[in-house]
Amino acid sequence: MSVTTAQSWESLPPELSPVRNAIERSRDMLRLGENWDTEGGVQISEATWFRAVGFLMRQAGRLWNQQRKVMDAPDITPVPDGSIDIHWDYPSYELLVNIPSDENAMAGFLW
């Protein structure tokens, strides 16, 4: 995903502001250095973050465009192995998607 495309979260429809806000808050993880968790945590790469943001934008956009439903805002958090978790934890459901740091690896999920 290109930088230009990944930054287009700013152009998401106003109705998707909860998702846009979650993306904006998650940018702080790019400032974390090596050993950010004091237990050997790998620095989160910009490429991994862009893949996570792109995934989230595509899913939120599809839901909005096809059903006019607003996706619940997930927590977007760094994982010590350099991957990123996108986690929805709501009373009626829970879903965790992990975007790996290896761009050739498939995302994983638990629900």
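The structure presented is a predicted model; accordingly, all values stated were derived computationally and were not measured.
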Looking at T48 and G82, what are the two nearest heavy atoms and their distance? CG2-O, 3.8 Å

With the side chain counted from C-beta on, respond yes when Q59 and V19 share a heavy-atom pair under 4.5 Å apart, and no when they do not. no

Any chance CZ of F109 has more than 12 other-residue heavy atoms, nucleotides or ligands included, within less than 6.0 Å? no

Transitive ILVMFWY side-chain link M71 to F55, under 4.5 Å: yes

Any heavy-atom pair between the side chains of R20 and M57 that's under 4.5 Å? no

Taking all heavy atoms of P100 and all of S83, pick out the closest pair and write down the distance. CA-CB, 3.7 Å

R31 and W36, any side-chain heavy atoms less than 4.5 Å apart: no

Would L110 and Y90 show up in the same hydrophobic cluster when neighbours are defined by side-chain heavy atoms closer than 4.5 Å? no

Measure the CG-OG1 distance between D28 and T77 for me, rounded to the nearest 0.5 Å. 13.0 Å

Minimum heavy-atom separation for S26 to W49, with atom names? OG-NE1, 2.8 Å

Quick check for you: to the nearest 0.5 Å, what is the distance between N21 atom CG and I23 atom CD1? 9.5 Å

Any donor-acceptor pair under 3.5 Å linking the side chain of R51 with the backbone of S101? yes

Taking L63 as the starting point, is it possible to reach V53 by hopping between hydrophobic residues whose side chains are less than 4.5 Å apart? yes

Got S45 and F50 here, is their nearest side-chain heavy-atom distance under 4.5 Å? no

Could you pull out the closest heavy-atom pair between I99 and A107, with the gap in Å? CD1-CB, 4.0 Å

Quick check for you: to the nearest 0.5 Å, what is the distance between H87 atom NE2 and I76 atom CD1? 12.5 Å

Does any non-hydrogen side-chain atom of D89 lie less than 4.5 Å from one of D75? no

Side chain N35, main chain G40, donor-acceptor under 3.5 Å: yes

Can you tell me how far the CD atom of E34 sits from the CD1 atom of I44, to the nearest 0.5 Å? 9.5 Å

Starting from W111, can I reach I86 by hopping between I/L/V/M/F/W/Y residues whose side chains sit under 4.5 Å apart? yes

Looking at CD of E46 and CG of L30, how far apart are the two atoms once the value is rounded to the nearest 0.5 Å? 6.0 Å

Quick check on the hydrophobic clustering: are L56 and M29 connected, directly or via other members, by side-chain heavy-atom contacts under 4.5 Å? yes

Does the side chain of W88 reach to within under 4.5 Å of the side chain of V97, using non-hydrogen atoms? yes

